[in-house]
Protein chains: 2
Amino acid sequence: MTVVDEGLRLETSQHPDHETARDVVSEAIEAGALVTVVGRCTVDYEGRASSTLGPGERLVMLKPDGAALVHTDEGQQPVNWQPPDCEHEATLVDGRLLVESHRETPEEHLAVSFESVLEVSAYGLTDERDLSLEGTEEDLRQRILDDPTLIETGFVPLATERQTPAGAVDIYGEDGDGRAVAVELKRRRVGPDAVGQLGRYVDAMDRDLHADTDVRGILVAPSVTDRASRLLAERGLEFVPLTPTGAAECDT
Amino acid sequence: MTVVDEGLRLETSQHPDHETARDVVSEAIEAGALVTVVGRCTVDYEGRASSTLGPGERLVMLKPDGAALVHTDEGQQPVNWQPPDCEHEATLVDGRLLVESHRETPEEHLAVSFESVLEVSAYGLTDERDLSLEGTEEDLRQRILDDPTLIETGFVPLATERQTPAGAVDIYGEDGDGRAVAVELKRRRVGPDAVGQLGRYVDAMDRDLHADTDVRGILVAPSVTDRASRLLAERGLEFVPLTPTGAAECDT
DNA sequence: CGATGGATATCGCAC
DNA sequence: GTGCGATGTCCATCG
């Protein structure tokens with residue numbers, strides 16, 4: 001049974017035979033629609049890695065931008081996928097619907113072979129995609145630039161994203177004694193990796209500036225793990241607790 | 001128009017009114033089905049961060065394990081989402097379908113308010129989820145354990161995931177001179193972060209073993225970036241090019 | 001629970 | 001294109 005909406009906004013087939021499913025998927029891809037295929041299938045992937053997935057019931061989503069997703073009934077992440085800019089294709093192989101998605105650079109191929117198809121749908125969607133997100137690292141940076149004393153009294157920001165041989169420092173500035181300060185921002189509780197990152201910047205600036213006094217490194221985050229705290233101490237780096245939003249700050 | 005499959009495997013409504021949509025979604029959630037709702041909607045999220053998304057046409061997926069996904073026509077990633085173990089709910093507010101997903105620890109809430117509903121579907125899915133994946137870091141480890149000379153002649157692996165105060169070393173072993181070796185594995189080309197990670201392990205082992213000779217650190221990956229290569233040299237660490245699969249290896 | 005690090009991570013930006 | 005770092009990263013594993 002197939003229902004076709006006016007203006008190709010929606011086309012759905014329940015329990016289509018494989019040939020009908022192939023036709024609906026092919027035409028929908030051609031028309032730039034978003035397609036979902038639900039049914040029992042196997043999945044093979046080959047590319048940066050390779051995988052096989054035995055028979056099971058899944059939902060396959062093909063987006064008009066070339067992305068493909070294979071979702072099971074569990075997990076936020078798809079069990080298999082292709083990134084955008086792939087070419088989708090629907091064919092019949094041995095009388096069965098085969099959905100493939102392929103790209104080059106890197107060479108990657110995804111193949112979904114259906115044993116049975118519960119439903120095929122095609123949606124003509126339009127979206128402005130104007131997501132507004134708050135509580136990011138960018139918000140934390142702005143909070144500090146608006147009130148540098150949140151770092152410490154006398155701190156003066158001089159640059160953001162200042163380049164060093166090791167990468168860009170989130171905020172570069174001077175403390176009340178005129179000493180250079182590198183600030184690394186994290187929107188959430190940090191582990192050892194963030195300490196390593198800050199350490200690399202401070203080392204690079206020490207080398208680069210070859211001043212008489214070492215550069216101070218300050219990690220700014222809501223909180224820090226034990227191991228990271230120990231690493232900070234070992235490397236003579238500092239920590240200032242601060243959240244992106246001004247919410248209650250954790251201890252440590 | 002609504003179609004109900006035998007055994008509740010499939011229920012689909014095209015252009016349902018909001019009350020019908022609410023009923024279908026509610027009953028499907030209750031029944032443990034996977035639900036998709038396609039239509040024009042706005043999305044509000046509040047939790048670890050917060051976001052708002054203006055009107056647009058999207059596909060909302062509610063999984064029986066509590067995960068929720070809001071997909072636009074672009075991108076591999078959902079524009080909004082909730083992780084598994086959330087509670088889904090469908091209600092009518094001012095005559096409009098409102099789909100909400102909520103969890104605690106951390107407190108997070110997602111609300112999708114529909115202006116219009118193109119289609120609602122509920123699928124009863126079962127999946128064994130027996131994904132077999134190759135080309136992972138684990139494969140790289142096994143490759144080395146099978147033939148330790150891939151690292152160098154005389155290398156003897158003694159332990160995997162050996163704990164240090166800085167974390168677990170992928171492979172711990174000895175070289176032909178009986179000197180301790182820490183091996184860090186990466187399945188793909190590495191940047192500065194991997195060098196920092198290996199450096200932390202080597203430093204920790206130097207401290208921990210306080211032997212007369214320093215611990216050797218070897219990074220194993222298909223290739224390495226310039227900056228990472230420089231960092232390796234600075235810290236006296238080594239690099240061995242190797243892929244998880246035995247594919248052709250890149251230079252440097 | 002939190003901590004830690006992998007991932008076919010994806011994504012965006014700068015070079 | 002590659003390099004680099006952020007992400008409401010997610011996720012499995014381990015303590």
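The chains referred to below are lettered A, B, ... by the order of the sequence lines, with proteins before strands, and numbering in each begins at 1.
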(message) Once salt bridge (Lys or Arg N to Asp or Glu O under 4.0 Å) is applied, do any residues pair with Arg188(A), and if so which ones, sequence neighbours excluded?
(response) none
(request) Inspect the surroundings of CD in Glu87(B) and state if more than 12 heavy atoms from other residues, nucleotides or ligands are less than 6.0 Å away. (result) no
(request) Pull out every residue in residues 39-62 of chain B that has a heavy atom closer than 4.0 Å to any atom of DNA chain D, ordered by number, or say none. (result) Tyr45(B), Arg48(B), Ala49(B)
(request) Could you tell me the separation between the CD atom of Glu184(B) and the OH atom of Tyr201(B), rounded to the nearest 0.5 Å? (result) 5.5 Å
(request) Run through Val195(A), Leu237(A), Val183(A) and flag the one making a side chain to side chain contact (heavy atoms under 4.5 Å, CB included) with Leu219(A). (result) Val195(A)
(request) For dC4(D) and dT8(C), measure between their P atoms and round to the nearest Å. (result) 22 Å
(request) Figure out the CG/P separation between Asp85(B) and dC10(D), and round it to whole Å. (result) 13 Å
Under 3.5 Å, N/O pairs linking protein and nucleotides 3-5 of chain D:
| from | atom 1 | to | atom 2 | distance (Å) |
| --- | --- | --- | --- | --- |
| dG3(D) | OP1 | Arg189(B) | NE | 3.1 |
| dG3(D) | OP1 | Arg189(B) | NH2 | 2.1 |
| dG3(D) | OP2 | Arg189(B) | NE | 2.7 |
| dC4(D) | OP1 | Arg227(B) | NE | 3.3 |
| dC4(D) | OP2 | Thr225(B) | OG1 | 2.7 |
| dG5(D) | OP1 | Tyr201(A) | OH | 2.9 |

(message) According to salt bridge (Lys or Arg N to Asp or Glu O under 4.0 Å), who are the partners of Asp127(A), at least two apart in sequence or on a separate chain?
(response) Arg58(B)
(message) Using whole Å, what does the distance between atom P of nucleotide dC10(D) and atom CG of Asp65(B) come to?
(response) 13 Å
(message) For the C1' atoms, the ones on dG5(C) and on dT7(D), what distance do you get once it is rounded to whole angstrom?
(response) 16 Å
(message) Salt bridge check, Lys63(A) against Glu74(B): does any charged N sit closer than 4.0 Å to a carboxylate O?
(response) no
(request) Round to a whole Å and report the spacing from CG of Leu133(A) to P of dT7(D). (result) 8 Å
Please tabulate, one pair per line, each protein N/O and nucleotide N/O from nucleotides 11-15 of chain D that are separated by under 3.5 Å, including the distance.
| from | atom 1 | to | atom 2 | distance (Å) |
| --- | --- | --- | --- | --- |
| dC11(D) | OP1 | Gln76(A) | N | 3.0 |
| dC11(D) | OP1 | Gln77(A) | N | 2.9 |

(message) Using a 4.0 Å cut-off to any heavy atom of chain B, which nucleotides of DNA chain C are the first and last in contact, reading 5' to 3'?
(response) dG5(C) to dC11(C)
(message) Using every non-hydrogen atom in the two residues, find where Ala204(A) and Thr164(A) come nearest and quote the distance to one decimal.
(response) CB-OG1, 3.9 Å
